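Here the structure is laid out as C-alpha coordinates; the discussion comes afterwards.
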Amino acid sequence: MKNNFQLITLDTEQWEPEQKWLNWRHELGTKLPYQCDLVHAGAPEDFKGMMQTLVNLETREAFTHLQYSGNQLRRTQEHLKDGFRDYLLAFVRHGQGSFQSGGEVHWLKSDTIYLIDTALPFSKDMYGNCQIVFVRIPRQRLQLSIPELKSTALRSVSCASGPGMLLRNYLLMLPQAMYRTAAEATQFLFCSLNELVIACLIDAVSDSSPNPAHFEDNNYNQKLSFMRRNCVNSEFSIAHLAEHFGVSKSTVFNTFQERGTTFTRELRTLRIQLACNKLGHHRQSLTELAYECGFNGLSQFSRVFKAEMGMSPRQYHRLQFELADERLEPDSE
(Lines give C-alpha, C1' and ligand atoms only; values in the text may rest on other atoms or scores of the structure.)
Protein backbone atom coordinates (compact mmCIF):
# COMPACT_ATOMS: atom_id res chain seq x y z
CA MET A 1 0.00 0.00 0.00
CA LYS A 2 1.21 3.49 -0.94
CA ASN A 3 -0.31 5.79 1.67
CA ASN A 4 -3.92 6.06 0.42
CA PHE A 5 -3.33 3.63 -2.45
CA GLN A 6 -4.03 -0.09 -2.56
CA LEU A 7 -2.36 -2.45 -5.04
CA ILE A 8 -4.41 -5.47 -6.18
CA THR A 9 -2.91 -8.28 -8.30
CA LEU A 10 -4.45 -11.32 -9.94
CA ASP A 11 -2.73 -14.04 -12.02
CA THR A 12 -4.24 -17.28 -13.34
CA GLU A 13 -0.81 -18.97 -13.34
CA GLN A 14 -1.20 -19.58 -9.61
CA TRP A 15 -4.16 -21.93 -10.17
CA GLU A 16 -4.62 -25.43 -11.52
CA PRO A 17 -5.56 -25.48 -15.24
CA GLU A 18 -9.16 -26.59 -14.77
CA GLN A 19 -9.74 -23.87 -12.15
CA LYS A 20 -8.30 -20.89 -14.05
CA TRP A 21 -11.50 -19.42 -15.47
CA LEU A 22 -13.70 -20.26 -12.50
CA ASN A 23 -11.26 -18.70 -10.03
CA TRP A 24 -10.68 -15.68 -12.27
CA ARG A 25 -14.41 -15.00 -12.56
CA HIS A 26 -14.88 -15.35 -8.80
CA GLU A 27 -11.89 -13.22 -7.82
CA LEU A 28 -12.61 -10.54 -10.41
CA GLY A 29 -16.25 -10.45 -9.35
CA THR A 30 -15.21 -9.63 -5.78
CA LYS A 31 -12.63 -7.01 -6.81
CA LEU A 32 -14.58 -5.06 -9.44
CA PRO A 33 -16.30 -2.00 -7.94
CA TYR A 34 -19.47 -2.66 -9.96
CA GLN A 35 -21.73 -5.64 -10.54
CA CYS A 36 -21.66 -7.52 -13.86
CA ASP A 37 -21.73 -10.95 -15.50
CA LEU A 38 -18.54 -12.52 -16.84
CA VAL A 39 -18.81 -15.21 -19.54
CA HIS A 40 -16.14 -17.32 -21.25
CA ALA A 41 -16.87 -19.39 -24.36
CA GLY A 42 -13.79 -21.65 -24.29
CA ALA A 43 -12.53 -24.39 -21.99
CA PRO A 44 -11.74 -23.21 -18.41
CA GLU A 45 -8.16 -24.49 -18.62
CA ASP A 46 -7.48 -22.45 -21.77
CA PHE A 47 -8.14 -19.14 -20.07
CA LYS A 48 -5.20 -16.94 -19.11
CA GLY A 49 -5.33 -13.65 -17.28
CA MET A 50 -3.23 -11.20 -15.30
CA MET A 51 -4.40 -8.00 -13.60
CA GLN A 52 -2.76 -5.20 -11.64
CA THR A 53 -4.90 -2.45 -10.13
CA LEU A 54 -3.85 0.61 -8.16
CA VAL A 55 -6.77 2.21 -6.30
CA ASN A 56 -6.87 5.61 -4.62
CA LEU A 57 -8.96 4.80 -1.55
CA GLU A 58 -9.76 8.49 -1.01
CA THR A 59 -10.88 9.66 -4.46
CA ARG A 60 -12.03 6.28 -5.94
CA GLU A 61 -9.73 6.82 -8.94
CA ALA A 62 -8.18 3.57 -10.14
CA PHE A 63 -5.69 2.40 -12.73
CA THR A 64 -5.82 -1.18 -14.05
CA HIS A 65 -3.56 -3.03 -16.47
CA LEU A 66 -5.15 -6.23 -17.81
CA GLN A 67 -3.84 -9.02 -20.03
CA TYR A 68 -6.25 -11.87 -20.72
CA SER A 69 -7.77 -14.18 -23.28
CA GLY A 70 -11.23 -13.38 -24.58
CA ASN A 71 -14.39 -13.13 -22.53
CA GLN A 72 -17.56 -11.11 -22.26
CA LEU A 73 -18.48 -8.57 -19.59
CA ARG A 74 -22.14 -7.68 -19.37
CA ARG A 75 -23.73 -4.96 -17.23
CA THR A 76 -27.53 -5.05 -17.29
CA GLN A 77 -30.34 -2.90 -15.87
CA GLU A 78 -30.36 -5.22 -12.84
CA HIS A 79 -26.66 -4.58 -12.23
CA LEU A 80 -27.18 -0.80 -12.41
CA LYS A 81 -28.98 -0.98 -9.06
CA ASP A 82 -25.54 -1.12 -7.41
CA GLY A 83 -25.31 2.66 -7.89
CA PHE A 84 -21.92 2.63 -9.63
CA ARG A 85 -21.91 5.52 -12.13
CA ASP A 86 -18.26 6.41 -12.73
CA TYR A 87 -16.62 6.48 -16.16
CA LEU A 88 -14.09 3.94 -17.39
CA LEU A 89 -11.39 4.99 -19.83
CA ALA A 90 -10.30 1.94 -21.86
CA PHE A 91 -7.12 1.93 -23.92
CA VAL A 92 -7.12 -1.21 -26.12
CA ARG A 93 -3.40 -1.73 -26.60
CA HIS A 94 -3.84 -5.14 -28.24
CA GLY A 95 -6.83 -7.25 -29.23
CA GLN A 96 -10.23 -6.64 -30.76
CA GLY A 97 -13.84 -6.96 -29.79
CA SER A 98 -17.28 -5.44 -29.85
CA PHE A 99 -19.35 -3.19 -27.60
CA GLN A 100 -23.14 -3.40 -27.52
CA SER A 101 -25.59 -0.98 -25.96
CA GLY A 102 -29.09 0.18 -26.86
CA GLY A 103 -29.30 -2.24 -29.79
CA GLU A 104 -26.14 -0.86 -31.45
CA VAL A 105 -22.88 -2.72 -32.02
CA HIS A 106 -19.55 -0.86 -32.05
CA TRP A 107 -16.30 -2.44 -33.19
CA LEU A 108 -13.41 -2.15 -30.70
CA LYS A 109 -9.99 -1.89 -32.34
CA SER A 110 -6.41 -2.10 -31.16
CA ASP A 111 -4.47 1.06 -30.32
CA THR A 112 -7.72 2.93 -29.66
CA ILE A 113 -9.09 4.75 -26.60
CA TYR A 114 -12.72 4.60 -25.49
CA LEU A 115 -14.74 6.22 -22.69
CA ILE A 116 -17.40 3.93 -21.19
CA ASP A 117 -20.35 5.19 -19.16
CA THR A 118 -21.09 2.48 -16.59
CA ALA A 119 -24.41 4.12 -15.67
CA LEU A 120 -25.88 2.65 -18.87
CA PRO A 121 -26.34 -1.07 -19.63
CA PHE A 122 -23.76 -2.52 -22.01
CA SER A 123 -22.05 -5.71 -23.12
CA LYS A 124 -18.33 -5.80 -24.01
CA ASP A 125 -16.76 -8.75 -25.83
CA MET A 126 -13.01 -9.12 -26.29
CA TYR A 127 -11.37 -11.77 -28.46
CA GLY A 128 -7.87 -13.21 -28.74
CA ASN A 129 -5.06 -12.13 -26.44
CA CYS A 130 -5.99 -8.71 -25.05
CA GLN A 131 -3.99 -5.99 -23.37
CA ILE A 132 -6.16 -3.20 -22.00
CA VAL A 133 -5.54 -0.27 -19.68
CA PHE A 134 -8.58 0.81 -17.67
CA VAL A 135 -8.80 4.07 -15.75
CA ARG A 136 -11.68 4.77 -13.40
CA ILE A 137 -12.68 8.45 -13.41
CA PRO A 138 -15.22 9.72 -10.86
CA ARG A 139 -18.32 10.93 -12.69
CA GLN A 140 -18.43 14.25 -10.87
CA ARG A 141 -14.94 15.15 -12.09
CA LEU A 142 -15.98 14.99 -15.75
CA GLN A 143 -19.42 16.50 -15.32
CA LEU A 144 -18.07 19.53 -13.46
CA SER A 145 -15.58 20.15 -16.26
CA ILE A 146 -17.95 19.38 -19.13
CA PRO A 147 -21.55 19.99 -17.99
CA GLU A 148 -22.92 19.45 -21.51
CA LEU A 149 -21.37 15.98 -21.83
CA LYS A 150 -24.14 13.90 -23.39
CA SER A 151 -24.99 10.52 -21.95
CA THR A 152 -23.78 7.78 -24.26
CA ALA A 153 -22.54 4.31 -23.33
CA LEU A 154 -19.43 4.51 -25.51
CA ARG A 155 -17.46 7.31 -27.12
CA SER A 156 -14.10 7.02 -28.86
CA VAL A 157 -11.21 9.40 -28.23
CA SER A 158 -9.31 10.46 -31.34
CA CYS A 159 -5.59 9.71 -31.02
CA ALA A 160 -4.64 11.27 -34.36
CA SER A 161 -3.69 14.70 -33.02
CA GLY A 162 -3.97 17.18 -30.20
CA PRO A 163 -4.58 16.02 -26.61
CA GLY A 164 -5.69 12.57 -27.84
CA MET A 165 -2.23 11.86 -29.21
CA LEU A 166 -0.67 12.92 -25.92
CA LEU A 167 -3.17 10.80 -23.95
CA ARG A 168 -2.31 7.71 -26.00
CA ASN A 169 1.42 8.13 -25.38
CA TYR A 170 0.77 8.80 -21.70
CA LEU A 171 -1.21 5.56 -21.38
CA LEU A 172 1.50 3.60 -23.18
CA MET A 173 4.06 4.62 -20.57
CA LEU A 174 1.79 4.70 -17.52
CA PRO A 175 1.77 0.98 -16.53
CA GLN A 176 5.47 0.93 -15.69
CA ALA A 177 5.52 4.43 -14.23
CA MET A 178 2.46 3.89 -12.01
CA TYR A 179 3.91 0.92 -10.13
CA ARG A 180 7.44 2.29 -9.80
CA THR A 181 6.86 5.88 -8.74
CA ALA A 182 7.21 7.19 -5.19
CA ALA A 183 4.09 7.23 -3.05
CA GLU A 184 4.02 11.01 -2.88
CA ALA A 185 4.06 11.33 -6.69
CA THR A 186 1.37 8.75 -7.50
CA GLN A 187 -1.53 11.17 -7.07
CA PHE A 188 0.02 13.58 -9.56
CA LEU A 189 0.01 10.83 -12.21
CA PHE A 190 -3.73 10.43 -11.73
CA CYS A 191 -4.28 14.21 -11.86
CA SER A 192 -2.34 14.56 -15.11
CA LEU A 193 -4.27 11.67 -16.64
CA ASN A 194 -7.65 13.12 -15.67
CA GLU A 195 -6.72 16.52 -17.07
CA LEU A 196 -5.72 14.91 -20.37
CA VAL A 197 -9.05 13.08 -20.62
CA ILE A 198 -10.94 16.31 -19.93
CA ALA A 199 -8.85 18.11 -22.57
CA CYS A 200 -9.74 15.40 -25.12
CA LEU A 201 -13.47 15.68 -24.39
CA ILE A 202 -13.46 19.47 -24.47
CA ASP A 203 -11.58 19.31 -27.78
CA ALA A 204 -14.20 16.93 -29.20
CA VAL A 205 -17.15 19.03 -27.98
CA SER A 206 -15.78 22.39 -29.14
CA ASP A 207 -14.12 21.35 -32.41
CA SER A 208 -16.49 22.94 -34.91
CA SER A 209 -13.94 25.00 -36.88
CA PRO A 210 -13.92 24.18 -40.59
CA ASN A 211 -10.60 22.76 -41.77
CA PRO A 212 -9.52 20.39 -44.56
CA ALA A 213 -9.03 17.44 -42.22
CA HIS A 214 -12.51 17.99 -40.78
CA PHE A 215 -14.10 17.89 -44.24
CA GLU A 216 -12.01 14.86 -45.22
CA ASP A 217 -13.28 13.00 -42.17
CA ASN A 218 -16.85 13.98 -43.05
CA ASN A 219 -16.40 12.66 -46.58
CA TYR A 220 -14.91 9.45 -45.27
CA ASN A 221 -17.77 9.00 -42.78
CA GLN A 222 -20.26 9.60 -45.59
CA LYS A 223 -18.66 6.76 -47.53
CA LEU A 224 -18.84 4.48 -44.51
CA SER A 225 -22.48 5.44 -43.99
CA PHE A 226 -23.30 4.55 -47.61
CA MET A 227 -21.42 1.26 -47.21
CA ARG A 228 -23.36 0.49 -44.03
CA ARG A 229 -26.67 0.96 -45.87
CA ASN A 230 -25.58 -1.28 -48.75
CA CYS A 231 -23.40 -3.91 -47.08
CA VAL A 232 -26.32 -6.39 -47.10
CA ASN A 233 -25.92 -6.57 -50.89
CA SER A 234 -23.47 -9.42 -51.55
CA GLU A 235 -22.58 -7.83 -54.93
CA PHE A 236 -21.69 -4.45 -53.42
CA SER A 237 -18.21 -3.39 -54.56
CA ILE A 238 -15.79 -0.49 -54.57
CA ALA A 239 -17.09 0.36 -58.05
CA HIS A 240 -20.57 1.03 -56.62
CA LEU A 241 -19.07 3.31 -53.98
CA ALA A 242 -17.02 5.24 -56.54
CA GLU A 243 -20.00 5.63 -58.87
CA HIS A 244 -22.26 6.92 -56.09
CA PHE A 245 -19.78 9.64 -55.08
CA GLY A 246 -18.74 10.45 -58.65
CA VAL A 247 -15.05 9.61 -58.20
CA SER A 248 -12.68 6.98 -59.60
CA LYS A 249 -12.04 3.63 -57.96
CA SER A 250 -8.41 4.61 -57.38
CA THR A 251 -9.57 7.70 -55.46
CA VAL A 252 -11.72 5.55 -53.20
CA PHE A 253 -8.86 3.06 -52.80
CA ASN A 254 -6.52 5.87 -51.69
CA THR A 255 -9.13 7.22 -49.27
CA PHE A 256 -9.03 3.96 -47.33
CA GLN A 257 -5.30 3.41 -47.75
CA GLU A 258 -4.54 6.81 -46.19
CA ARG A 259 -6.31 5.61 -43.05
CA GLY A 260 -4.43 2.33 -42.89
CA THR A 261 -7.32 0.19 -44.05
CA THR A 262 -9.04 -1.08 -47.21
CA PHE A 263 -12.52 -1.06 -48.70
CA THR A 264 -12.72 -4.85 -48.33
CA ARG A 265 -11.69 -4.79 -44.69
CA GLU A 266 -14.21 -2.09 -43.75
CA LEU A 267 -17.01 -3.80 -45.68
CA ARG A 268 -16.25 -7.06 -43.89
CA THR A 269 -16.28 -5.25 -40.53
CA LEU A 270 -19.66 -3.67 -41.26
CA ARG A 271 -21.16 -7.05 -42.20
CA ILE A 272 -19.76 -8.68 -39.06
CA GLN A 273 -21.13 -5.85 -36.92
CA LEU A 274 -24.56 -6.39 -38.47
CA ALA A 275 -24.29 -10.14 -37.89
CA CYS A 276 -23.33 -9.62 -34.23
CA ASN A 277 -26.36 -7.42 -33.74
CA LYS A 278 -28.69 -9.97 -35.33
CA LEU A 279 -27.17 -12.86 -33.36
CA GLY A 280 -27.85 -10.92 -30.19
CA HIS A 281 -31.45 -9.96 -30.94
CA HIS A 282 -33.01 -12.38 -33.45
CA ARG A 283 -33.94 -16.04 -33.64
CA GLN A 284 -33.35 -17.40 -37.13
CA SER A 285 -31.25 -19.91 -39.01
CA LEU A 286 -27.59 -19.13 -39.54
CA THR A 287 -27.97 -19.61 -43.29
CA GLU A 288 -30.75 -17.03 -43.48
CA LEU A 289 -28.75 -14.64 -41.30
CA ALA A 290 -25.67 -15.06 -43.52
CA TYR A 291 -27.54 -13.94 -46.64
CA GLU A 292 -29.20 -11.07 -44.78
CA CYS A 293 -25.74 -9.75 -43.82
CA GLY A 294 -24.37 -9.79 -47.38
CA PHE A 295 -22.48 -13.10 -47.34
CA ASN A 296 -22.63 -15.71 -50.09
CA GLY A 297 -23.82 -18.50 -47.85
CA LEU A 298 -23.19 -20.11 -44.49
CA SER A 299 -19.71 -21.42 -45.26
CA GLN A 300 -18.29 -18.00 -46.13
CA PHE A 301 -20.12 -16.37 -43.23
CA SER A 302 -18.80 -18.87 -40.66
CA ARG A 303 -15.25 -18.63 -42.00
CA VAL A 304 -15.15 -14.82 -42.00
CA PHE A 305 -16.94 -14.54 -38.65
CA LYS A 306 -14.49 -16.87 -36.92
CA ALA A 307 -11.49 -15.10 -38.47
CA GLU A 308 -12.76 -11.73 -37.24
CA MET A 309 -14.24 -12.68 -33.87
CA GLY A 310 -12.13 -15.65 -32.84
CA MET A 311 -15.20 -17.89 -32.45
CA SER A 312 -18.02 -19.33 -34.55
CA PRO A 313 -21.40 -17.58 -34.93
CA ARG A 314 -22.98 -20.26 -32.76
CA GLN A 315 -20.42 -19.73 -30.00
CA TYR A 316 -21.04 -15.99 -30.15
CA HIS A 317 -24.76 -16.63 -29.84
CA ARG A 318 -24.14 -18.70 -26.70
CA LEU A 319 -22.23 -15.79 -25.19
CA GLN A 320 -25.14 -13.46 -25.86
CA PHE A 321 -27.91 -15.55 -24.38
CA GLU A 322 -26.29 -18.38 -22.40
CA LEU A 323 -28.99 -20.62 -23.81
CA ALA A 324 -28.90 -23.91 -25.69
CA ASP A 325 -28.29 -24.10 -29.44
CA GLU A 326 -31.94 -24.93 -30.03
CA ARG A 327 -32.73 -21.20 -30.18
CA LEU A 328 -31.10 -21.29 -33.63
CA GLU A 329 -32.49 -23.53 -36.34
CA PRO A 330 -30.24 -26.56 -36.90
CA ASP A 331 -27.84 -25.53 -39.67
CA SER A 332 -24.47 -27.25 -39.72
CA GLU A 333 -21.30 -25.19 -39.58
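None of the values given here were measured: they were computed from a predicted structure.
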Under the side-chain contact (heavy atoms from CB on, under 4.5 Å) test, residues paired with E18 that sit two or more places apart:
E16
Would you find a donor on one side and an acceptor on the other, under 3.5 Å apart, between the side chain of H94 and the backbone of S110?
no
State plainly whether one hydrophobic cluster holds both I272 and L274, where clusters connect Ile, Leu, Val, Met, Phe, Trp and Tyr through side-chain heavy atoms under 4.5 angstrom apart.
no
E195: salt bridge (Lys or Arg N to Asp or Glu O under 4.0 Å) partners, not counting sequence neighbours:
none
Would F122 and F99 count as a side chain to side chain contact (heavy atoms under 4.5 Å, CB included) if you check the C-alpha gap in whole Å, the side-chain angles of each, and the deciding distance to 0.1 Å?
CA-CA 7 Å; F122 67 87; F99 185 96; 3.4 Å; yes
How many angstroms lie between atom CE of M165 and atom CG of L196, to the nearest 0.5 angstrom?
13.0 Å
For residues 286-311, pull every pair meeting ring-ring contact (aromatic ring centres under 6.0 Å, His included), keeping only residues two or more places apart or in separate chains.
F295-F301, F301-F305, F305-Y316
For Q35, is there any backbone N or O sitting under 3.5 Å from a side-chain donor or acceptor partner on D82?
yes
Is the side chain of E27 donor-acceptor paired with the backbone N or O of W24 at a distance under 3.5 Å, no angle test?
no
In the single-linkage hydrophobic clustering (I, L, V, M, F, W, Y; side-chain heavy atoms under 4.5 Å), do L89 and Y170 co-cluster?
yes
State, yes or no, whether a side-chain contact exists between L120 and L80 at a heavy-atom distance under 4.5 Å.
no
Whether R228 side chain and L270 backbone form a donor-acceptor pair below 3.5 Å:
no
Quick one: does H240's side chain have a donor or acceptor within less than 3.5 Å of a partner on S237's backbone?
yes
Partners passing salt bridge (Lys or Arg N to Asp or Glu O under 4.0 Å) against D86 (at least two apart in sequence or in another chain):
R60, R136
Shared ILVMFWY cluster between L66 and Y34, side chains joined below 4.5 angstrom?
yes
State, with a plain yes or no, whether a side-chain heavy atom of R93 is found less than 4.5 Å away from one of L172.
yes
Salt-bridge present (R168, D111; N to O < 4.0 Å)
yes
Please check: side-chain N/O of S101 versus main-chain N/O of P121, any donor-acceptor pairing under 3.5 Å?
yes
Tell me if a side-chain donor or acceptor on T12 pairs with a main-chain N or O of G49 at a distance below 3.5 Å.
yes
Can you get from W21 to L32 by hopping between Ile, Leu, Val, Met, Phe, Trp and Tyr side chains that sit under 4.5 Å apart?
yes
N23: what forms a side-chain contact (heavy atoms from CB on, under 4.5 Å) with it, not counting sequence neighbours?
W15, Q19
Cation-aromatic face contact K48/Y68, 6.0 Å, 45 degrees:
no
Qualifying salt bridge (charged side-chain N to carboxylate O under 4.0 Å, His left out) pairs with a residue from residues 237-254, counting only residues at least two apart or across chains
none
Are the charged groups of K20 and E13 less than 4.0 angstrom apart, N to O?
yes
Quick check on the hydrophobic clustering: are L73 and L154 connected, directly or via other members, by side-chain heavy-atom contacts under 4.5 Å?
yes
